[in-house]
S.K.: 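For reference, the structure I am asking about is given below.
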Amino acid sequence: MLRFRNTLTGELEPFIPLEEGRVRIYACGPTVWNFAHIGNFKTFVFYDVLRRYLRFRGFEVTEVMNVTDVDDRIIEQTIELKLSLEELTTKYLNYFLEDMATLNIEQPEVMPKATEHIPEMVALVETLLANGKAYEADGSIYFKISAFDGYGRLSGKKLEGNEAGRSGRVDTQEYAKADTSDFVLWKAPKLEGERSWDTAIGTGRPGWHLECSAMSMKYLGETFDIHAGGEDLIFPHHENEIAQSEGATGKPFARYWLHSKFLNIENQKMSKRFGNFKTPRDLLSQGIEPMAIRYLLLSAPYRTQLNFTADGLDAAASSLDRLRNFVRRIRNAHVTSNGESPASAVAKRMLEGIPGRDGRRPEHVGRACGGVQPRERREPDDRCEVDHRGGPGCDPVGDRSG
RNA sequence: GGCGGCGUAGCCAAGUGGCAAGGCGGAGGUCUGCAAAACCUCUAUUCAUCGGUUCGAAUCCGAUCGCCGCCUCCA
């Protein structure tokens, strides 16, 4: 039985999809205002391993990953660079897709853009206005948290304990909200030249969380299986998604919430804001091969924080070389005494190892494909045993040559 | 101030009650004209600290110290 650590409950829960044999996943995707850095890709590689592993386990996977192509940073950039929204976001979306391919990340089944789902978002806001969970103020529309029971369930936050603006990251005086904890659904334009849409709920653009609710429900249904994202999104993003989605439908939103921990560098999270980030392109230009980056990002389980270092990257590259050597040796090896080919003997052991394994620590999906090692010294007569954590369907390091 | 996570060898890291996986690095060796590569062997009596529970604890409980993350548009 596959189990996941569900942020919603904090428990390790057996995974039972809504529909047998099929998994519906919504994964929070990139905001295409600039290059994505390898911290971002830690999460995207996690999604990739998750979908590959689920498929390996026999599930049909439908993954929706949004492309946020309108938000504050994008708007600021378009004004600064005198580009249209489409020019800027198309450019960086293309770079992102290239980077995904470089790191051998499979493309999700659906990659919807926020700007192409304005009508769906407007409809959602209209529902919330109609049932009293949203209100208008100064041309913007806000979600009324006091009208939604269960706010804070995902993040475990109690509003009393929180201090508005404590993170120092946001301007809490920016909006005319009735309650500081309310969040914006629809934003009236503020800047000169800011992109906006004329709609039935007014002129403006969607708030951060709205696209994820509208698009996940459109492509996956009002209730779906897995919602994944970086740990930073637990609050407020995912908390607010739940509020506005369940506030509108009255039905449970996502059933399993999976959050990946951050990539740190010099013991601080990698972030554009801190200027301490590296992009895959930066590393490639230093002669680092793409699969070494992927290997490094998978060297800790997805729920474990990973510290990025040059040594770590070197170690990943060395490990990868050794792994490839191992594969080459299997291919060149002779058949075993019972007539089985070495490659199939290895595959069989991997298959046998996995079911017993995930029954215990299934949430280690990020790690599931991390460790294929020869164990020749333990069993000299059978030189092809492989650590059970690898899996053939898993393609451990996503290396096509392997 | 509130909430959450983590602390295992020089470095990265697995392990959630029954003698401490693995990788990198390092040391020694085999092969090789030399070198490199490859391959082989070795590399934690001990799991931040202190108490407790137990026949048995890295694993469970309590306290302490240290680090990290979130606290309203960050993957």
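First the proteins, then the strands, lettered A, B, ... as listed; each starts at 1.
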S.K.: To the side chain of N267(A), which of A75(B), C71(B), C67(B) is closest?
M.R.: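 For the N267(A) side chain, the nearest candidate turns out to be C67(B).
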S.K.: Could you state the atom-to-atom distance from CG of N276(A) to P of A75(B) in whole Å?
M.R.: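 Result: 14 Å.
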S.K.: Tabulate atom names and distances for all N/O pairs under 3.5 angstrom spanning the protein and nucleotides 7-12 of chain B.
M.R.:
none

S.K.: Regarding T68(A), tell me which of base, sugar-phosphate or nothing describes its non-hydrogen contacts under 4.0 Å with the strands shown.
M.R.: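 Nothing, no heavy atom under 4.0 Å.
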S.K.: Watson-Crick or G-U wobble partner for G69(B), using a 3.5 Å limit on both distances?
M.R.: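 Base-paired to C3(B).
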S.K.: Please state how far atom CD in Q305(A) lies from atom P in G5(B), giving the value in whole angstrom units.
M.R.: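 Answer to the nearest Å: 13 Å.
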S.K.: Give one of base, sugar-phosphate or nothing for Q268(A), where a contact means two heavy atoms less than 4.0 Å apart.
M.R.: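 Touches sugar-phosphate only.
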S.K.: Indicate, with a heavy-atom threshold strictly under 4.0 Å, whether H37(A) touches base, sugar-phosphate, or nothing.
M.R.: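 Counting heavy atoms under 4.0 Å across all strands, the contact made by H37(A) includes a base.
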S.K.: Considering every strand and a 4.0 Å limit on heavy-atom distances, what is the contact class for S318(A): base, sugar-phosphate, or nothing?
M.R.: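 Sugar-phosphate: the residue S318(A), judged by heavy atoms under 4.0 Å, touches backbone atoms but no base.
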S.K.: Is S167(A) near enough to U72(B) that one of its side-chain N or O atoms lies under 4.0 angstrom from OP1 or OP2?
M.R.: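 Looking at the OP1 and OP2 atoms of U72(B), one of them is under 4.0 Å from a side-chain N or O of S167(A).
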S.K.: Please list, chain by chain and in numerical order, all residues satisfying salt bridge (Lys or Arg N to Asp or Glu O under 4.0 Å) with E60(A), sequence neighbours excluded.
M.R.: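 So E60(A) forms no salt bridge (Lys or Arg N to Asp or Glu O under 4.0 Å) with any residue.
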S.K.: Counting only heavy atoms not in K269(A), do more than 12 fall under 6.0 Å of its NZ?
M.R.: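 Result for NZ/K269(A): enclosed.
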S.K.: Between side-chain atoms of residues 73-81 of chain A and protein atoms elsewhere (two or more places apart, or another chain), which donor-acceptor pairs fall under 3.5 Å?
M.R.:
from: R73(A); atom 1: NE; to: D71(A); atom 2: OD2; distance (Å): 3.2
from: R73(A); atom 1: NH2; to: T31(A); atom 2: OG1; distance (Å): 3.3
from: R73(A); atom 1: NH2; to: D71(A); atom 2: OD2; distance (Å): 3.4
from: T78(A); atom 1: OG1; to: I74(A); atom 2: O; distance (Å): 3.4
from: T78(A); atom 1: OG1; to: I75(A); atom 2: O; distance (Å): 2.7

S.K.: Taking the C1' atom in each of G25(B) and A63(B), what is the distance between them to the nearest angstrom?
M.R.: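 It comes out at 37 Å once rounded to the nearest Å.
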S.K.: How many whole angstroms separate atom CZ of F262(A) from atom C1' of C67(B)?
M.R.: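 Atom-to-atom, F262(A) to C67(B), this comes out as 17 Å.
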S.K.: Given the P atoms of U41(B) and A48(B), what is the spacing between them in whole Å?
M.R.: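 These two P atoms come out 30 Å apart once rounded.
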S.K.: More than 12 foreign heavy atoms under 6.0 Å from CD of E266(A): is that the case here?
M.R.: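 Counting other residues, nucleotides and ligands, CD of E266(A) stays at 12 neighbours or fewer.
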S.K.: Classify L263(A) by what it touches in the nucleic acid, base, sugar-phosphate, or nothing, heavy-atom distance under 4.0 Å.
M.R.: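 Result for L263(A) = base.
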S.K.: Determine whether any donor atom in the side chain of K261(A) lies under 3.5 Å from an acceptor atom in the base of C6(B), or the reverse, and answer yes or no.
M.R.: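 By the distance-only test, no, there is no pair.
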S.K.: In terms of side-chain geometry, is the basic nitrogen of E194(A) or R205(A) positioned less than 4.0 Å from the acidic oxygen of its partner?
M.R.: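 The answer is yes: the pair qualifies as a salt bridge.
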S.K.: Just checking R273(A): base, sugar-phosphate only, or nothing, at a heavy-atom cut-off of under 4.0 Å?
M.R.: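 Contact class for R273(A): none.
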S.K.: Using atom C1' in both nucleotides, what's the gap between U43(B) and C24(B) to the nearest angstrom?
M.R.: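 That atom pair is separated by 13 Å.
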S.K.: Between U54(B) and A44(B), how far apart are the C1' atoms? Round to whole Å, please.
M.R.: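 To the nearest whole Å, 25 Å.
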S.K.: Can you check the distance between U49(B) and C55(B), where both ends of the measurement are the C1' atom (answer in whole Å)?
M.R.: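 The same atom, C1', in both gives a distance of 26 Å.
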S.K.: May I have the distance from E211(A) (atom CD) to A75(B) (atom C1'), rounded to whole angstrom?
M.R.: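 So the CD-C1' distance, E211(A) to A75(B), works out to 14 Å.
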S.K.: Strictly below 4.0 Å, N to O, side chains only: are D138(A) and K190(A) in salt-bridge contact?
M.R.: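 No salt bridge links D138(A) with K190(A).
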S.K.: Between A14(B) and G1(B), how far apart are the two C1' atoms, rounded to whole Å?
M.R.: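 The same atom, C1', in both gives a distance of 36 Å.
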S.K.: Measure from the side chain of F44(A), starting at C-beta and using heavy atoms only, and say which of A13(B), C68(B), A75(B) lies closest.
M.R.: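 That would be A75(B).
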S.K.: Please give, in whole Å, the distance from A13(B) C1' to Y295(A) OH?
M.R.: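 Answer to the nearest Å: 11 Å.
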S.K.: Between E87(A) and K82(A), does any side-chain N to carboxylate O distance fall below 4.0 Å?
M.R.: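 Between K82(A) and E87(A) there is no salt bridge, as every charged N stays at least 4.0 Å from the carboxylate O atoms.
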S.K.: Using whole Å, what does the distance between atom C1' of nucleotide G15(B) and atom CG of L12(A) come to?
M.R.: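 Distance check: L12(A) CG to G15(B) C1' gives 15 Å.
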S.K.: Looking at U72(B), C67(B), C24(B), which one has an atom nearest to any side-chain atom of S181(A)?
M.R.: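 Among U72(B), C67(B), C24(B), the one nearest the side chain of S181(A) is U72(B).
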S.K.: Expressed in whole Å, how much space separates the C1' atoms belonging to A58(B) and A13(B)?
M.R.: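 It works out to 14 Å between them.
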S.K.: Are K144(A) and D182(A) close enough for a salt bridge, meaning some N to O gap below 4.0 Å?
M.R.: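 Here K144(A) does not pair with D182(A) in a salt bridge, since their nearest N and O are not under 4.0 Å apart.
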S.K.: Whole-Å distance between U72(B) P and I141(A) CD1?
M.R.: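 That distance rounds to 23 Å.
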S.K.: When the P atoms of G69(B) and A75(B) are compared, how many Å lie between them, rounded to an integer?
M.R.: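 Result for the P pair: 16 Å, nearest Å.
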S.K.: Hey, is R324(A) close enough to E289(A) for a salt bridge, meaning N to O under 4.0 Å?
M.R.: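 Looking at R324(A) and E289(A), the cut-off is met.
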S.K.: Ignoring hydrogens and geometry beyond distance, is the side chain of R166(A) in donor-acceptor contact with the base of G1(B) at under 3.5 Å?
M.R.: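 Per atom types, the contact qualifies.
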S.K.: Can you check the Y302(A) OH to G5(B) P distance for me, whole Å?
M.R.: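 Taking OH of Y302(A) and P of G5(B), I get 14 Å after rounding.
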S.K.: Quick one: is C24(B) close enough that its OP1 or OP2 comes under 4.0 Å of any side-chain N or O from R322(A)?
M.R.: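 For C24(B), OP1/OP2 do have a side-chain N/O of R322(A) under 4.0 Å.
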S.K.: By the 4.0 Å heavy-atom rule, please label L233(A) as base, sugar-phosphate, or nothing.
M.R.: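 Counting heavy atoms under 4.0 Å across all strands, the contact made by L233(A) is with sugar-phosphate only.
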